[in-house]
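Data first, discussion second: the structure below is written as C-alpha cells.
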Amino acid sequence: MMQRLRRHRLFWVGVLYFAQGLPFGLFYDTFPVYFRQRGVDLQEIGVLSLLGLAWTLKFLWAPAVDRVRGHRRWMFAADLGMGLVLAAFAARAGVGPWALALVAGFTVLSATNDIAIDGYTIELLPRREFGRANGLRIGFYRVGLLAAGTVLMLVDHVGWTAAYLAAGGLVALLGLACLAAPPERAPAAAGRGVRAAVELRAIARRPGAAAIVAAFLCGAVWLADRAAGWSQGHPGFWGWVLAAAALPVAASAAWRALSPGGDGTASVDITRGPVFGALFEMLRRPGIVPVVLFILTFKLADTSMGFMIKPFWVDCGFSPGQIGLVSVNIGIGLSILGGLAGGWFTDRVGVFHALWILGLAQAVSNLGYAAAAFVVPAAGDGAAPALAHRAVMYGASALESFTGGLGTAAFLAFLMAIVDKRRSATEYAVLSSVFALSRSVAGWAGGYGAAALGYGPYFLLTFFLAFPAFAFLPWVRHMLHYAAVQPEWGQGGGGPAEARIGGDE
C-alpha cells in the first residue's frame, strides 16, 4: 500500500506543498514570538519582517534553478539548510546579529525551495492532473502553516530548544523525502546554448530589450518597496529609480548608434538566454498582454475585499475568539474543501471552462458579505451581535472561504498550464509575481474604498470588480491552446485529453 502510494504523483504534491507551507509559517508565526519573548523591540521585529522580501523577489534567481537542473536536489539542499538554521537557534539561545543573518538565510532558502517545488510539480504532472494537484496544493500548504502553529504550541511544554530541534528535524526529513520523489520528465533546459555574458551583451545592444529589462527591474523594486517602504519620507526616491533605469537604456541606444556593425551579438536569440530568456520568450507569445491583464484582474474582487473582512467583523462587535474560530480556522477548512472541489471540477471540465464558471462562483461570494454589511449593524455599547446577525455573518464567511478555494484551484491550474516546462520554475515565479502585484495594490486600495463608501456599498462594488477579467477570456483560451500544442514545451504525456482546453475541444 505504502509503496503504491509513493509512486502516485498526487501523493508527492501533498508532501511537497506541506514542505512549502511549513517554513513560511515558521517565519511569520514562530520567529516573531521568539524574538519578542527575548526582549526585541517592535521596530526591530518589523525590520525582521522585511526579510520576507525573499518570497516576493524569488523570480530574480529562479533562472539559476532552471539552469542547473535537478529540482529534487535543490529542494533537498534548501530543506537541509533550513533544518541547520533551526538547529542553530536551538543550540544558541538569545538574539543578535547572528540571528538576523540566520533568518535571512532561512527566507532565501525557503524561497528557493518554493521555486524548485513549483517547477518540479509542473514538470512532473501531465496537464490533465493540474486541477486536482492544485486542490491538494491549497490544502497541504495550509496544513503546513498549521504545523508551524503546532511548533509554537510545543514551546509551552518543551521549551524553545526542543521545539526548534523538532521543527528542524521535520524540515530536514522533508528534504530527504524529496530525494525519494519520482524523477521529473522535463526536456533539457531551454536556456542551453547561449551563455549569460553573450545574452547580456546582446540585450545591451538592443534599446528595446534594454528598456524591457529596466521596466522589469523597476517592477521588482516596486514590489520590494511595497514591503520595505523605502520611498516613504523620500519624495525623490522614484525619480532616482527611474533615472537609474533610463541610463542603461540610453547607453544601449548610444552604443547601437556609434557601432552599427556590432560585435556579433546582433543575431543572438535572446529568448534562449539563461537570465532573461524566459521573460523575452513569454513576451513574444501571441496575446500575452491580455493574458497578463487577466492574471492581474482574475482575483481582483477577492483581494479587494479580503483585507477589509477582519475589520468588518471587529466593527460589528465580534470577539477575537469568534473571528479566529469562524473566519480563520473554519475558513481554512472550507477553503481546503473548496480547493479540492475546484481541482476536481477543473480536471473534469477543462481549465478554460473552470476559470469562468468558478470565477463567477468566487464573485458571487462577495454578495454574501455585501448582504451581511447591510443587515448586521455596527457594534454599539459593547453588545454582542444577535443570533440572527451571527448566522448571517457566519454564512457569508463560509461562502467566501469555500468559493475562494474553488477559484484559486482553477487559477493556479491555469498558471501551470501556460508555462514552458523547460523553464517552469522561472516562468511560474514571474507569473505568480504578476499576481502578487495586483494583490498588493488591491489590498492598499481596499482601505480607502471601505472608508469612503462604507462596508456595504464597498463590498457590493467588489462584486463588479470580478467582471473585467472576463473580457480577456478569448485570449486566455488562445494561450491555453498555444501552450498545449507546443511539442518542445514538454506539455504532453496524457494522450488526447492532454490538449483539452475546455470541455468541448
Side-chain angles (χ1 to χ4, degrees), residues 9-21 23-24 54-82 107-127 129-131 133-134 136-138 140-141 144 174-175 177-192 271-279 281-282 295 411-436 483 486 488-493:
R9 289 184 293 266
L10 295 180
F11 167 79
W12 289 104
V13 171
V15 172
L16 295 178
Y17 281 99
F18 174 84
Q20 191 179 97
F24 192 82
W55 286 288
T56 303
L57 301 178
K58 62 186 179 184
F59 59 85
L60 292 176
W61 65 91
V65 178
D66 268 333
R67 181 74 171 177
V68 183
R69 306 301 289 178
H71 291 147
R72 289 177 301 156
R73 291 191 291 272
W74 279 101
M75 289 184 263
F76 169 71
D79 282 330
L80 185 61
M82 286 187 285
T107 59
V108 171
L109 288 167
S110 179
T112 305
N113 193 40
D114 290 2
I115 295 167
I117 288 173
D118 291 334
Y120 171 84
T121 304
I122 295 168
E123 293 177 5
L124 176 71
L125 297 172
R127 188 188 188 110
E129 293 181 353
F130 281 171
N134 280 293
L136 288 170
R137 168 190 184 167
I138 293 166
F140 279 91
Y141 185 88
L174 289 167
C178 293
L179 294 178
E184 306 98 316
R185 298 180 298 170
R192 299 291 184 189
T271 65
R272 297 180 61 219
V275 182
F276 296 105
L279 174 65
E281 197 282 325
M282 291 172 72
I295 293 170
F411 181 67
L412 295 177
F414 165 68
L415 295 185
M416 283 187 171
I418 64 171
V419 303
D420 181 346
K421 285 196 174 186
R422 298 170 301 170
R423 292 192 281 213
S424 53
T426 301
E427 292 190 9
Y428 192 84
V430 170
L431 292 176
S432 58
S433 292
V434 169
F435 167 60
Q486 302 298 314
E488 69 276 16
W489 282 22
Q491 291 279 24

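Side chains included, hydrogens not; waters and symmetry mates left out as well; all remaining heavy atoms used.
Annotation: ring-ring contact (aromatic ring centres under 6.0 Å, His included) contacts of Phe414 (sequence neighbours excluded): Phe294. With sequence neighbours left out, Phe59 forms a ring-ring contact (aromatic ring centres under 6.0 Å, His included) with Phe216. Listed by chain and number, the residues in a ring-ring contact (aromatic ring centres under 6.0 Å, His included) with Tyr141 amount to none (sequence neighbours excluded).
To the nearest 0.5 Å, atom CZ of residue Arg73 and atom CG of residue Leu80 are 15.0 Å apart. Distance check, rounded to the nearest 0.5 Å: OG of Ser424 to CD1 of Ile115 gives 11.0 Å. Atom-to-atom distance recorded for Ile295:CD1 and Leu415:CG is 5.5 Å, nearest 0.5 angstrom. Here the CH2 atom belonging to Trp55 is positioned 10.5 Å from the CD atom belonging to Gln20, to the nearest 0.5 angstrom. Distance check, rounded to the nearest 0.5 Å: CG of Asp114 to OH of Tyr428 gives 10.5 Å. For the atom pair CG of Leu412 and CG of Leu431, the computed distance is 11.5 Å after rounding to the nearest 0.5 Å.
Remark: side-chain polar atoms of Asn134 are paired, donor with acceptor, to backbone N or O of Phe130 under 3.5 angstrom. Side chain of Arg423 to backbone of Asp66: no donor-acceptor contact under 3.5 angstrom is found.
Side-chain atoms of Pro63 and Thr426, non-hydrogen and from C-beta on, do get closer than 4.5 Å to each other. Residues Trp12 and Leu125 form no side-chain contact, since every pair of their non-hydrogen atoms from C-beta on lies 4.5 Å or further apart.
Between the side chains of Thr112 and Trp74, no donor-acceptor pair is found at a separation under 3.5 Å.
The minimum heavy-atom distance between Ala483 and Arg127, with the atom names listed, is C-NH1, 4.1 Å. Pairing each heavy atom of Ala111 with each of Trp61, the nearest pair is CB-CZ2, 3.8 Å. Residues Ala425 and His71 share a closest heavy-atom pair of CB-NE2, 4.2 Å. The two residues Arg72 and Ala181 have their closest heavy-atom pair at NH1-O, 2.9 Å. Taking every heavy atom of both residues into account, Arg9 and Leu124 meet most closely at CD-O, 3.6 Å. The nearest pair of heavy atoms linking Cys178 to Met75 is SG-CB, 3.7 Å.
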task: Applying side chain to side chain contact (heavy atoms under 4.5 Å, CB included), run through Tyr17 and Thr121 and close with a yes or a no.
output: CA-CA 10 Å; Tyr17 281 99; Thr121 304; 3.5 Å; yes
task: Determine, step by step, whether Val13 and Phe140 satisfy the side chain to side chain contact (heavy atoms under 4.5 Å, CB included) criterion, reporting the C-alpha distance in whole Å, the side-chain angles of both residues, the deciding distance to 0.1 Å, and the verdict.
output: CA-CA 8 Å; Val13 171; Phe140 279 91; over 6 Å; no
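Checked against Asp118 for a side-chain contact (heavy atoms from CB on, under 4.5 Å), the options Glu427, Arg137, Met416 give a single hit: Arg137.
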